[in-house]
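Residues: numbered from 1 along the sequence shown.
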Amino acid sequence: DSKYDSYKYCVGKNECEIDNEYKGTTTVEKDGKNIYVCAVGYFGDVPGKSICVGPYNVDTVSPEIISNKVTYTSSKIVVNATCSDTLSLVKETKYSINGGEYQESNLFTNLKTGEYKVKTKCVDNALNESEVEATVELKMSAPTIAQVSQTPSSGEYAQKRVIRITYNSINVESPRYYYSLDGSTW
């Protein structure tokens, strides 16, 4: 109302102490639920009519990324993230690889060996964002032969011999196996 000389306002819950000078637009930067904005017009030092509007929910704090676990094999990356926001709650968690578009899926497949930068972004209902990045190097690791056994055992005659190879293959999803008998072609 333009009939007053000056205005003061406050931000708080239900009632608050009017103590801020108001000239033009003011941005409320107080976080919380059920926040009211109250204003009073003044004739000189004499307060006039006061008005309170609200309640408003205000959240200026980004969500917290509590955990961001990245697991991988030789051709895929899986990100398991947990985000928290106590005020407006978490709206979405999205993932990006090597600066590409964010996606809702936490799974990246059909990847070649090499280094990848994986980003996790959490967004709350007030559209505040948090982001974290992890670097992953996908490598092809050769299987380690842990044990070779044969049936029947060595030194015995047989029409057929079975050779069993046990191996450990870390981070290799679908390894290929090759063998050679007595120096023949692989």
Side-chain angles (χ1 to χ4, degrees), residues 9-14 16 19-39 52-147 165-179 186:
Y9 73 98
C10 66
V11 178
K13 292 193 178 218
N14 296 330
C16 54
D19 57 0
N20 298 302
E21 288 291 330
Y22 172 73
K23 293 182 180 177
T25 304
T26 299
T27 302
V28 175
E29 294 183 0
K30 179 179 179 112
D31 289 332
K33 291 185 176 183
N34 299 320
I35 294 176
Y36 286 82
V37 177
C38 299
C52 292
V53 292
Y56 298 105
N57 296 327
V58 180
D59 181 4
T60 62
V61 178
S62 296
E64 180 183 1
I65 299 175
I66 296 171
S67 69
N68 190 56
K69 184 178 180 185
V70 179
T71 56
Y72 55 93
T73 66
S74 62
S75 64
K76 76 177 178 184
I77 297 174
V78 180
V79 184
N80 288 304
T82 304
C83 303
S84 175
D85 189 281
T86 56
L87 196 53
S88 67
L89 306 177
V90 175
K91 177 181 180 179
E92 62 188 7
T93 303
K94 291 191 171 189
Y95 309 90
S96 169
I97 192 164
N98 289 346
E101 291 289 319
Y102 277 93
Q103 63 184 41
E104 291 182 12
S105 173
N106 65 338
L107 175 65
F108 300 96
T109 58
N110 300 318
L111 302 172
K112 295 180 180 179
T113 58
E115 187 174 281
Y116 292 89
K117 295 199 182 298
V118 181
K119 287 186 179 181
T120 301
K121 177 170 42 172
C122 297
V123 181
D124 66 17
N125 285 303
L127 303 181
N128 299 306
E129 299 178 357
S130 290
E131 192 173 81
V132 65
E133 180 177 277
T135 301
V136 176
E137 186 173 355
L138 300 184
K139 298 187 232 183
M140 189 64 76
S141 62
T144 305
I145 297 175
Q147 180 181 8
I165 300 172
T166 2
Y167 64 92
N168 295 324
S169 182
I170 300 170
N171 293 333
V172 178
E173 252 180 281
S174 302
R176 293 184 186 161
Y177 306 99
Y178 302 94
Y179 63 93
W186 290 88

Side-chain heavy atoms of L127 within contact of K91, under 4.5 Å
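Yes - at least one pair of side-chain heavy atoms lies under 4.5 Å apart.
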
Taking atom [atom1] of [X] and atom [atom2] of [Y], what is their separation to the nearest 0.5 Å?
{"X": "K139", "Y": "T73", "atom1": "NZ", "atom2": "OG1", "answer": "14.0 Å"}
{"X": "K121", "Y": "Y95", "atom1": "NZ", "atom2": "OH", "answer": "12.5 Å"}
{"X": "T113", "Y": "E137", "atom1": "OG1", "atom2": "CD", "answer": "8.5 Å"}
{"X": "E131", "Y": "K119", "atom1": "CD", "atom2": "NZ", "answer": "4.5 Å"}
{"X": "C122", "Y": "N68", "atom1": "SG", "atom2": "CG", "answer": "8.0 Å"}
{"X": "I77", "Y": "L111", "atom1": "CD1", "atom2": "CG", "answer": "5.0 Å"}

Donor-acceptor contact present, side-chain [X] to main-chain [Y], <3.5 Å:
{"X": "N128", "Y": "D59", "value": "yes"}
{"X": "N125", "Y": "S88", "value": "yes"}
{"X": "D85", "Y": "V90", "value": "no"}
{"X": "S84", "Y": "E64", "value": "no"}

With a sphere of 6.0 Å drawn around CD of E101, does it hold more than 12 non-hydrogen atoms of other residues, nucleotides or ligands?
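12 or below, so no.
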
Consider side chain to side chain contact (heavy atoms under 4.5 Å, CB included). Of T120, T82, V132, which one does S67 pass it with?
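Of all the options given, the one that passes is T82.
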
Would you kindly say whether Y102 and E92 are connected by a side-chain donor-acceptor distance under 3.5 Å?
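No donor-acceptor contact under 3.5 Å links the two side chains.
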
Closest approach of [X] and [Y], non-hydrogen atoms and distance?
{"X": "T93", "Y": "A81", "result": "CG2-CB, 4.3 Å"}
{"X": "G100", "Y": "S96", "result": "O-OG, 2.7 Å"}
{"X": "K117", "Y": "T135", "result": "NZ-OG1, 3.4 Å"}

One pair to check against side-chain contact (heavy atoms from CB on, under 4.5 Å): S74 and L138. What are the steps and the verdict?
CA-CA 5 Å; S74 62; L138 300 184; 5.9 Å; no

